[in-house]
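Accompanying notes for the structure given below.
These figures come from a predicted structure and were not determined experimentally. Within every chain, numbering begins at 1; the chains are lettered A, B, ... in the order of the sequence lines, protein sequences first and strands thereafter.
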There are 2 protein chains.
Amino acid sequence: MDSTTPVRRKITLSDIAAGCDVSRATVSLVLRGSPLVNKHTRARVEEELRRQGYVYNRAAANLRRRTSSSIALVLNDLANPFFAEFAAGVDAAVGDAGFVTLLGCTSESSTREQAVLGSLIEHGPAGIILSPAEGSSAQQVLAAMGAQTPLLLFNRELGGNLPEYAHWDLLILDNQRGTRLATEHLISRGHRHIAFFGGHRDSSSCRQRHAGYAEAMQAAGLRIEPHWQVECAPTRLDAASQTAALFAATPAPTAAVCYNDAVALGLMLGLNQRGLHPGRDFALTGFDDIAEASMSMPPLTTLSTAPRERGRQAAELLLLRLREPSADTRRTIAPVKLMVRESSCPPHTA
Amino acid sequence: MDSTTPVRRKITLSDIAAGCDVSRATVSLVLRGSPLVNKHTRARVEEELRRQGYVYNRAAANLRRRTSSSIALVLNDLANPFFAEFAAGVDAAVGDAGFVTLLGCTSESSTREQAVLGSLIEHGPAGIILSPAEGSSAQQVLAAMGAQTPLLLFNRELGGNLPEYAHWDLLILDNQRGTRLATEHLISRGHRHIAFFGGHRDSSSCRQRHAGYAEAMQAAGLRIEPHWQVECAPTRLDAASQTAALFAATPAPTAAVCYNDAVALGLMLGLNQRGLHPGRDFALTGFDDIAEASMSMPPLTTLSTAPRERGRQAAELLLLRLREPSADTRRTIAPVKLMVRESSCPPHTA
DNA sequence: TGCTGTATTTGGAACGATCCAAATTCGGAG
DNA sequence: CTCCGAATTTGGATCGTTCCAAATACAGCA
């Protein structure tokens with residue numbers, strides 16, 4: 001039975017052991033590259049492994065060794081390019097560390113999140129990376145996954161207060177500093193009437209981004225008109241349709257700090273529909289630096305978050321925790337970088 | 001020790017059995033909802049499960065039952081929104097079927113693909129969904145994963161000839177019909193000079209899309225000038241920079257069928273840079289109908305592929321195969337739908 | 001040859017669940 | 001009471017690997 005022939009039964013250690021007349025223990029040692037085995041024996045065993053087309057059964061090994069070789073990744077929205085890039089980064093780092101990624105999507109539903117966590121936890125991952133669904137709470141998450149498995153929270157903090165014994169690390173973007181930089185940049189270009197556009201006030205990242213904007217405005221002694229603060233879903237479509245709200249009263253803003261790139265691109269669309277040229281008649285900034293940001297018309301000034309890099313970082317933080325299970329809880333705030341492009345022009349009237 | 005207290009050792013069946021004075025077998029029956037156990041016993045056991053905060057060890061169960069509860073998903077490029085949506089669809093369907101998704105990204109490298117497959121196969125997935133990296137061959141894939149595990153190929157066919165005993169199903173888009181429809185549409189709008197823009201000729205999907213274009217042109221008795229066929233990487237950036245090639249000789253095309261949406265959006269950019277207004281001075285079509293297609297300026301005429309739906313479909317095809325391991329190999333060609341939008345205007349001169 | 005120390009090899013008991021055949025309990029019917 | 005069949009429960013083997021203590025092989029040396 002050579003390696004190109006399909007076999008019915010799965011080949012196990014015992015098959016190999018029997019095939020070259022050694023014990024299972026010896027074969028196991030060969031598989032793990034132990035220096036204990038004789039060179040000659042090793043060669044014979046390796047030949048037999050190839051010959052029978054053996055595949056290692058990691059689940060059985062994990063059971064015996066009481067270890068795990070997987071990391072669970074639970075995302076609120078994989079279809080979002082930001083999270084897709086993030087996932088790619090996580091998977092790369094997880095793979096490099098010899099683990100495998102268990103994926104779960106929650107579609108922004110905390111009910112589904114509980115179900116997904118419950119299902120993944122039964123597969124005994126070494127740790128979990130979770131980007132929580134909107135409105136999911138610490139109690140819910142704890143109930144679904146227990147306190148045994150290390151957790152790294154990404155992107156959002158959880159509602160409710162988490163139990164002190166759960167070692168839950170955190171990795172978030174420096175949202176507040178990001179929008180502060182963007183706002184300061186617009187101010188330095190001469191804008192005085194600056195809006196904050198998009199996002200939902202009940203998400204922690206939106207609150208933080210709004211805070212950065214408000215901070216910069218206040219520091220510059222600039223007043224914020226109520227109609228300059230427009231909420232909308234973080235999608236292009238909704239952003240475009242909310243554009244009118246910015247111009248519903250006077251004074252109209254001459255620039256807007258947008259919740260994220262999708263919103264900013266939608267706002268561009270809405271501006272165009274009103275006959276305004278973004279980057280000439282109206283300045284705006286985004287957040288995320290998604291692939292399209294540099295390719296839009298005009299190219300979008302935004303904050304680069306390097307999602308793939310964040311993915312690697314998240315995985316590495318979790319792996320660190322696995323190595324030191326009782327180390328202090330880490331709160332990591334990833335820097336963001338202002339990418340100045342043409343959308344953040346000076347005011348048209350200036 | 002109540003459920004909110006962190007525990008050191010993992011709770012097993014035996015702990016529960018000991019805790020309420022029944023045998024392990026009985027607890028196992030309760031866990032699986034067997035009708036054999038007495039109502040009263042069941043209640044006692046369930047109470048104890050809650051009390052000790054038991055988590056099912058699916059790996060151990062799988063070992064004993066010689067089953068698997070995971071599906072591996074191996075993608076050439078997760079950062080691409082098309083595949084991200086696809087992955088979300090796969091994960092949803094896989095989850096609904098009670099399986100869990102094992103993720104692997106190959107970054108379009110067939111070497112990495114082998115490594116990823118080799119690592120995933122050790123976790124014993126019930127089946128694999130693979131969107132092959134460019135240039136990966138049937139022999140390579142077979143060597144990495146063996147012939148035991150059912151495989152569903154998505155999106156691309158493999159180079160080399162696969163062994164007849166491997167039951168490898170296939171799900172691809174109706175690429176050729178898609179571009180044929182797009183080309184016919186442009187012809188019906190009055191275009192005669194139509195280019196095929198973007199993609200690499202060594203990918204099977206690009207060849208199929210080109211074939212659809214050529215078929216429609218030939219059917220309409222239209223000649224194809226050599227400089228109307230421009231290759232470029234399927235990215236906005238490269239597409240934009242290759243725009244000039246279309247106008248390098250006369251007659252210049254008045255329209256282009258693009259390899260995909262990313263290329264089409266890049267071409268729009270390139271046209272703008274040359275002072276041409278896409279959708280007025282030049283018509284173009286894309287492929288994929290990514291989220292931005294309907295939001296671009298002008299909105300892009302393209303072929304809808306419903307990637308999330310394709311993900312569900314892929315998962316379901318694989319699950320079907322699991323149920324009937326020796327059924328005939330299936331080759332599924334998913335329909336695409338022409339979405340007519342403003343980018344496919346009639347010729348400017350007309 | 002016998003002895004010692006190092007190099008290799010090995011049986012059998014885990015890991016945490018499930019299967020299965022056999023044992024036990026239970027509620028009537030006779 | 002006793003006996004029978006149905007309802008419940010159970011011990012022990014098993015899945016494929018690793019661990020561990022103990023067995024064996026092999027050299028070199030006196």
Please report the C-alpha distance between B:Asp21 and B:Arg44 in whole Å, then the side-chain angles of each, then the deciding distance to 0.1 Å, and finally whether the salt bridge (charged side-chain N to carboxylate O under 4.0 Å, His left out) criterion is met. CA-CA 10 Å; B:Asp21 216 47; B:Arg44 252 186 21 208; over 6 Å; no
Rounded distance (Å) that lies between atom [atom2] of [N] and atom [atom1] of [X]:
X: B:Leu36; N: C:dA23; atom1: CG; atom2: C1'; answer: 15 Å
X: B:Asn62; N: C:dC19; atom1: CG; atom2: P; answer: 11 Å
X: B:Lys10; N: C:dC15; atom1: NZ; atom2: C1'; answer: 11 Å
X: B:Ile11; N: C:dA17; atom1: CD1; atom2: P; answer: 10 Å
X: B:Asn38; N: C:dC26; atom1: CG; atom2: P; answer: 10 Å
X: A:Arg42; N: C:dA7; atom1: CZ; atom2: P; answer: 15 Å
X: B:His40; N: C:dC26; atom1: NE2; atom2: P; answer: 12 Å
X: A:Leu63; N: C:dA17; atom1: CG; atom2: P; answer: 9 Å

Under 4.0 Å between a Lys/Arg side-chain N and an Asp/Glu carboxylate O for B:Arg330 and B:Glu324? no
Looking at A:Glu47 and A:Arg50, is any side-chain nitrogen of the basic one under 4.0 Å from a carboxylate oxygen of the acidic one?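 Salt bridge present between A:Arg50 and A:Glu47.
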Verdict with supporting geometry, B:Glu157 and B:Ser204, side-chain hydrogen bond (donor to acceptor under 3.5 Å, both in side chains): CA-CA 7 Å; B:Glu157 310 199 34; B:Ser204 76; 5.6 Å; no
Using a cut-off of less than 4.0 Å, is there contact between a side-chain N or O of A:Thr41 and OP1 or OP2 of C:dT8? no
Span of DNA chain D engaged by chain B, first through last nucleotide within the 4.0 Å heavy-atom cut-off, is D:dT8 to D:dG16
With DNA chain C as reference, determine whether B:Arg24 or A:Lys39 sits nearer its 5' end, using the nearest nucleotide of each.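 Per heavy-atom nearest nucleotide, the more 5' residue is A:Lys39.
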Taking C-beta and beyond as the side chain, do A:Leu158 and A:Trp168 meet within less than 4.5 Å on heavy atoms? yes
Measure from the side-chain N and O atoms of [X] to the backbone N and O of [Y], and report whether any donor-acceptor pair falls under 3.5 Å.
X: B:Asp91; Y: B:Ala88; value: no
X: A:Thr106; Y: A:Leu75; value: yes
X: A:Arg58; Y: A:Ser68; value: no

Five pairs per end, C1' atoms only: what is the angle between the end axes of the helix from C:dT1-D:dA30 to C:dG30-D:dC1, to 10 degrees?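 End axes: 70° apart.
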With DNA chain D as reference, determine whether B:Arg64 or A:Thr12 sits nearer its 5' end, using the nearest nucleotide of each. B:Arg64
Which of these nucleotides, C:dA14, C:dT8, C:dC19, is closest to any side-chain atom of B:Ala25?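 Ranking C:dA14, C:dT8, C:dC19 by closest atom to the B:Ala25 side chain puts C:dC19 first.
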Below 30° counts as parallel, above 60° as perpendicular, anything between as tilted: where do the rings of A:Phe154 and A:Phe82 land?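 Parallel: the ring planes of A:Phe154 and A:Phe82 meet at under 30°.
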